[in-house]
Structure formats: structure tokens, C-alpha cells
Amino acid sequence: MVAAPIGVGKCSRPRRPKRSYNGDRGGRMKLLIIEDEAKTASFLKRGFSEAGFVVSVAFDGVDGMRQIQTGAFDLIVLDIMLPGMDGWHVLTWLRGAGLQTPVLILTARDEVPDRVKGLELGADDYLVKPFAFSELLARVRTILRRPPVREATTLRVADLELDMDGHRATRAGQRLDLTGREFTLLSLLVRRAGEVLTRTLIAESVWDMNFSGDTNVVDVNLRRLRSKLDDPFSRKLLRTVRGVGYVLENPDRA
Ligand code: CA
């Protein structure tokens with residue numbers, strides 16, 4: 001079962017990238033719209049262009065990620081239901097890569113768990129289709145007006161706290177003695193808490209390598225992590241999903 005990472009919280013909002021103003025766009029804010037419906041995309045592009053923004057469009061998640069890597073955007077308008085890679089994955093990848101570009105989710109999905117999931121994954125705002133362009137524009141301007149804030153973040157699941165700056169992990173205030181690799185592994189699990197992560201995904205994210213089947217290294221490292229993270233405590237956060245992978249979750253909410 002894949003659940004929204006309800007238990008993850010940030011104690012402060014991450015810092016926005018410094019807005020770069022280059023000469024040829026005359027200080028205009030640069031937006032990326034990731035939207036697969038051609039009509040909506042062109043409507044948004046026209047609206048934001050008329051409002052003075054420089055607008056790029058990506059019609060799927062993969063192209064969106066490519067454009068994010070190559071262009072400095074001030075804000076991303078992100079659709080969720082996209083072909084290939086959906087908006088949740090784009091957002092998870094974006095924040096996992098440490099990019100703090102503001103994201104406004106624009107989607108037809110209006111269930112509360114979806115809104116919560118979007119905000120928990122690090123979106124700055126959430127607007128449900130159909131929408132009035134004037135409201136979207138107002139929300140975008142509001143996000144862009146927010147002052148930059150400190151980068152220091154603490155991620156939390158139940159009594160586990162990860163200090164991302166100090167690379168320190170604690171449970172119930174008790175310091176966990178983790179290696180650098182274990183901390184990276186734990187950050188991945190915490191960032192995507194509630195989501196079952198496959199061995200392959202873990203291997204590729206943490207060891208930065210393409211695994212062609214032998215993911216034993218993942219099991220060995222997770223066993224070691226578990227001995228520090230869970231063994232000394234009665235509440236277990238890390239769960240093995242047989243035949244699939246691992247999930248870190250708040251046992252009180254699971
Ligand atoms: Ca869509």
C-alpha cells in the first residue's frame with residue numbers, strides 16, 4: 001500500500017534560490033508550466049506571458065525534469081496527471097535533488113489527501129481545476145513575493161528527527177550514530193515516508209549506480225540501519241515489504 005507521507009514535516013521552509021535576473025529577459029520572472037493538456041498549456045502560457053512572465057512549457061514529466069535541470073525558473077506550475085512520469089514524481093525528484101524552486105500544483109484532483117500529499121512533498125500551493133486565471137495569477141504572485149527563508153530543515157517521522165544541515169539523526173532526542181551513507185539512506189526513506197521504495201530505486205538513489213539485479217547491498221545496509229534506527233526502540237519505523245522493498249512510516253498512523 002502506498003500512503004501519503006503524512007508524518008513528514010519541515011520545521012522551517014527551505015530557502016528559495018536567489019532569483020537571477022538576466023539582461024535579455026529584463027528582470028522578468030521565469031515560469032515553467034508542466035501540463036499535458038495542450039489547450040490548458042497554451043491558455044496558461046498566453047495568460048502568464050500577458051502578465052509579464054517569461055514562460056516555458058513541458059508537456060510531460062520527463063521533459064519537465066529536463067527543463068528544470070537546464071533552466072533557472074522562478075516558479076513551476078505543475079500538473080499531477082501527466083503521461084510517463086506524474087507530477088508527484090517530478091516534485092519528489094525536485095525536492096530530493098535539493099532544488100527549492102517554488103511549485104504550485106494545478107490539478108483536477110481535489111481530494112484532501114492529494115492536497116496534503118502535495119504540500120507534504122514540498123509544494124508551495126495547490127489549486128484545483130477548473131480555476132480562474134486571475135486567482136492562479138494572484139497565487140503565483142503571492143508565492144513569488146514571499147521572502148527567502150533559512151535553508152535549515154528538520155525532517156520528522158514520529159519521534160525520528162533528521163537535521164539536514166548538521167547531518168544528525170535522533171530518535172526521542174537520542175542521537176543515532178550513523179555513517180554518512182546510512183544518513184543518506186535514511187534521508188531518502190524519510191523524504192518519501194509512507195511510500196514503498198524498491199531495492200532498485202534505493203540502490204540508484206543512494207549508491208548512484210545502475211543495478212542490474214544484485215541489490216543485496218541494499219538489504220545489508222538496511223539491516224545495519226535498522227539495528228541503529230529501530231532495534232533499541234519499541235516503536236518500529238522501518239518495514240520490509242516482502243518481495244518489493246522498504247517503507248519508513250509512522251507506526252501510529254500506518
Ligand atoms: Ca494532466
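Just so you know, ligand 1 is whichever comes first in the structure, and atom 1 is the first atom listed for that ligand. Numbers here are sequence positions counted from 1.
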**Complete:** Here the pair of heavy atoms bringing E195 nearest to V247 is O-CG2, 3.5 Å
Name each donor-acceptor pair under 3.5 Å that joins a side chain in residues 47-56 to protein atoms two or more places apart or in another chain, with its distance.
residue, atom, partner, partner atom, Å
S49, OG, K45, O, 2.6

**Message:** Between L94 and I76, is there a side-chain heavy-atom distance shorter than 4.5 Å?
**Reply:** yes
**Asked** What protein N/O/S atoms are found closer than 3.0 Å to the Ca ion (ligand 1)?
**Response** D36 OD1, D79 OD2, M81 O
**Asked** Applying salt bridge (charged side-chain N to carboxylate O under 4.0 Å, His left out), which residue pairs with at least one partner in residues 61-73 are found, sequence neighbours left out?
**Response** D63-R66
**Message:** By the salt bridge (charged side-chain N to carboxylate O under 4.0 Å, His left out) test, which pairs, at least two apart or in different chains, include something from residues 218-227?
**Reply:** R199-D219
**Asked** Backbone N or O of L237 within a donor-acceptor pair of the D230 side chain at under 3.5 Å?
**Response** yes
